[in-house]
Structures are given as structure tokens and as C-alpha cells.
Amino acid sequence: MTHSEEEFEAGNGVFQFERSGLVDRISDAWRDMRASTRRLLREKPSEGRLIFYVLASDMVFFASWSLKTLVAPASIAGGIISPDKIGLLMMAALMLRTALMYLFSLIVQVFAKLARGSATWKETRTAVFWGAFVSAPFGLAAAVIAAVMGMYEASLPMLGNKWLALPVYWLGLIPFVWYIAAATAEAHKFRMTSPTFMAMSLFALVLTVATLLIGVGDMFG
């Protein structure tokens with residue numbers, strides 16, 4: 001197959017025919033996030049496409065936290081979000097989280113540039129938003145685990161221990177950080193993903209420990 005048969009140009013980017021469906025792209029990203037990000041960057045996605053990725057991850061975020069805090073919450077999570085505030089959570093997921101993702105990508109861009117990264121902010125946004133989208137199913141899976149633990153807490157009281165229950169609530173952060181780190185490393189042409197992952201993991205670790213020590217109620221109001 002010739003080069004022209006494998007890919008084509010559209011707008012400012014280069015697209016591939018092979019495995020172009022969204023499900024194929026996600027499964028490819030799970031196997032090799034850097035290669036997936038490299039492909040996406042070559043396509044030079046529009047801002048609208050990037051917003052779709054981040055809004056889709058927002059919706060999964062909303063669904064996962066609704067499941068963890070309203071459908072079958074562990075006792076340690078009781079009172080985080082009351083049913084009458086579900087609309088507020090959805091608005092926060094769709095608006096505030098989207099704005100925070102833009103801010104987060106800007107922070108990533110600044111620190112990556114300090115580490116001599118080569119990507120533009122648009123390329124960094126592409127990496128961050130794609131990483132958030134790809135990792136979203138893992139956050140939902142973690143929510144299902146937390147909900148199952150909440151359902152069986154009455155018969156297995158140990159499942160209500162905050163040192164066991166709360167880490168599950170933040171379990172989705174691990175793939176979230178990993179995929180964003182891998183995408184960012186590829187966008188900025190860093191040879192290794194590990195330093196980027198460790199830097200981002202440090203923030204996630206501080207957040208998790210603070211939640212355990214201060215208390216989940218103080219963290220969320």
C-alpha cells in the first residue's frame with residue numbers, strides 16, 4: 001500500500017484511514033498512548049474537537065461522582081453531595097471542570113517549557129484533553145468499585161474504613177495522570193514518560209493524603 005493510500009491530508013492535518021473510529025483510537029491509546037497522541041497531533045485537531053474530548057470526560061466525571069456519592073456511597077462519603085445538589089455538580093462538571101482543564105493545560109505548558117519542552121499550548125491542550133478523554137472509562141470503573149463497596153459495607157464493615165474506602169474514590173486519578181503524562185511527554189518530545197508522570201503524581205499524592213488526613217467532608221464542603 002502506498003503512502004497516499006494509507007493517509008490523506010484534510011485542512012492543516014494528516015489523517016490515517018486505518019483504525020480511524022473512536023473506539024479503535026481509544027483502544028490504541030490504552031496500548032500505546034504516545035503513538036496515539038503522535039497520530040492526533042499530526043491531525044492538528046480543531047478547538048471544537050478538543051472541547052468535545054474534554055466535555056465527554058466531564059460527563060463521565062459527573063456520572064462517576066454521582067455513582068460514588070449518591071447511588072451507593074460508602075459511609076465515609078456520606079454527605080459529600082446531597083441529592084438536591086446534583087444539578088450543581090453537573091454544572092460544575094460541564095463548566096467549572098472544563099475551565100479548570102484549560103487552566104491545568106496552561107500550567108502543564110509552563111512547566112513543560114521550563115523543562116525545555118517543544119510543544120505549543122495548543123499541542124499541550126491536545127495532549128491533556130486527549131489524556132483526560134482516554135482515561136475517563138477508568139474513572140467510571142473505579143466509581144463502580146466504590147459503589148459495590150458501599151453496597152456491601154453493611155455486611156462487611158471493614159469496607160467503611162476511610163483508609164480503605166477513600167483511596168478507591170481517587171483510584172481513577174492513576175490512569176488520569178498516567179495518560180496525560182504520556183501524552184504530554186510525546187507532545188513536548190521528552191524521551192521518557194516517567195519524569196512527567198512522577199511530577200504529576202506528586203500533586204495527586206498530596207491531594208489524596210490531604211483528603212485522608214483532613215477528612216473528605218472538609219475537602220468537599
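All values below were derived from every heavy atom in this structure, side-chain atoms included, with hydrogens, water molecules and symmetry-related copies excluded.
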Checklist entry - Do the side chains of W30 and F129 join up, straight or via other hydrophobic residues, at under 4.5 Å, putting them in one cluster? => result yes
Checklist entry - Of the non-hydrogen atoms in F197 and I174, which two are nearest, and what is the gap between them? => result CE1-O, 4.2 Å
Item to check | Spatial distance of atom CD (Q109) from atom OG1 (T184) [nearest 0.5 Å] | outcome: 9.5 Å
Checklist entry - If you round to the nearest 0.5 Å, how far is CE of M101 from CZ of F61? => result 10.5 Å
Next on the checklist: Atom CZ of residue position R191 - does it have more than 12 heavy atoms of other residues, nucleotides or ligands inside 6.0 Å?
Outcome noted: no
Next on the checklist: Please tell me whether I180 and L55 are part of a single hydrophobic cluster in this structure, the criterion being side-chain heavy atoms less than 4.5 Å apart.
Outcome noted: yes
Item to check | Candidate pair E43 and L40, rule side-chain contact (heavy atoms from CB on, under 4.5 Å), full reasoning | outcome: CA-CA 5 Å; E43 295 173 355; L40 183 60; 3.7 Å; yes
Next on the checklist: Nearest 0.5 angstrom please: L103 CG to T98 OG1, how far?
Outcome noted: 12.5 Å
Checklist entry - Under a single-linkage definition using a 4.5 Å side-chain heavy-atom cutoff for Ile, Leu, Val, Met, Phe, Trp and Tyr, are F52 and I26 assigned to the same hydrophobic cluster? => result yes
Checklist entry - Do the side chains of E18 and D28 get nearer than 4.5 Å, heavy atoms only? => result no
Checklist entry - Between R25 (side chain) and S20 (backbone), is there a donor-acceptor pair under 3.5 Å? => result yes
Checklist entry - Between K122 and P45, is there a donor-acceptor pair closer than 3.5 Å when you use the side chain of the first and the backbone of the second? => result yes
Item to check | Interatomic spacing from CZ in R31 to OG in S27 - rounded to 0.5 Å | outcome: 4.5 Å
Item to check | Backbone N/O of A119 and side chain of H188: donor-acceptor pair under 3.5 Å | outcome: yes
Checklist outcome for this item: Rounding to 0.5 Å, atoms CG (D58) and CZ (R97) come to a distance of 5.0 Å
Checklist entry - Are R125 and Y102 in a cation-pi setup, meaning NZ or CZ lies under 6.0 angstrom from the ring centre and within 45 degrees of the ring axis? => result no
Donor-acceptor pairs under 3.5 Å, side chain of residues 132-149 to any protein atom, not counting sequence neighbours: which ones?
residue, atom, partner, partner atom, Å
S135, OG, G131, O, 2.9
S135, OG, A132, O, 3.2

Checklist entry - Out of curiosity, does V60 fall in the hydrophobic cluster containing V177 (side-chain heavy atoms, cut-off under 4.5 Å, transitive links)? => result no
Checklist entry - What's the spacing between L50 CG and T126 OG1 if we round to 0.5 Å? => result 4.5 Å
Item to check | Linked, directly or transitively: Y179 and F104 (ILVMFWY side chains, under 4.5 Å) | outcome: yes
Item to check | Which atom of W130 lies closest to which atom of S36, heavy atoms considered | outcome: NE1-OG, 3.0 Å
Checklist entry - Which heavy atom of A182 sits nearest a heavy atom of R34, and at what distance? => result O-CG, 3.6 Å
Item to check | Nearest heavy-atom neighbours spanning T124 and S105 | outcome: CG2-O, 3.4 Å
Checklist outcome for this item: Nearest heavy-atom contact between A185 and T196 is CB-OG1, 4.1 Å
Next on the checklist: Between R39 and E186, is the salt bridge (Lys or Arg N to Asp or Glu O under 4.0 Å) condition met? List the steps.
Outcome noted: CA-CA 10 Å; R39 173 180 180 174; E186 178 60 34; over 6 Å; no
Item to check | side chain to side chain donor-acceptor pair (under 3.5 Å) partners of D32, counting only residues at least two apart | outcome: none
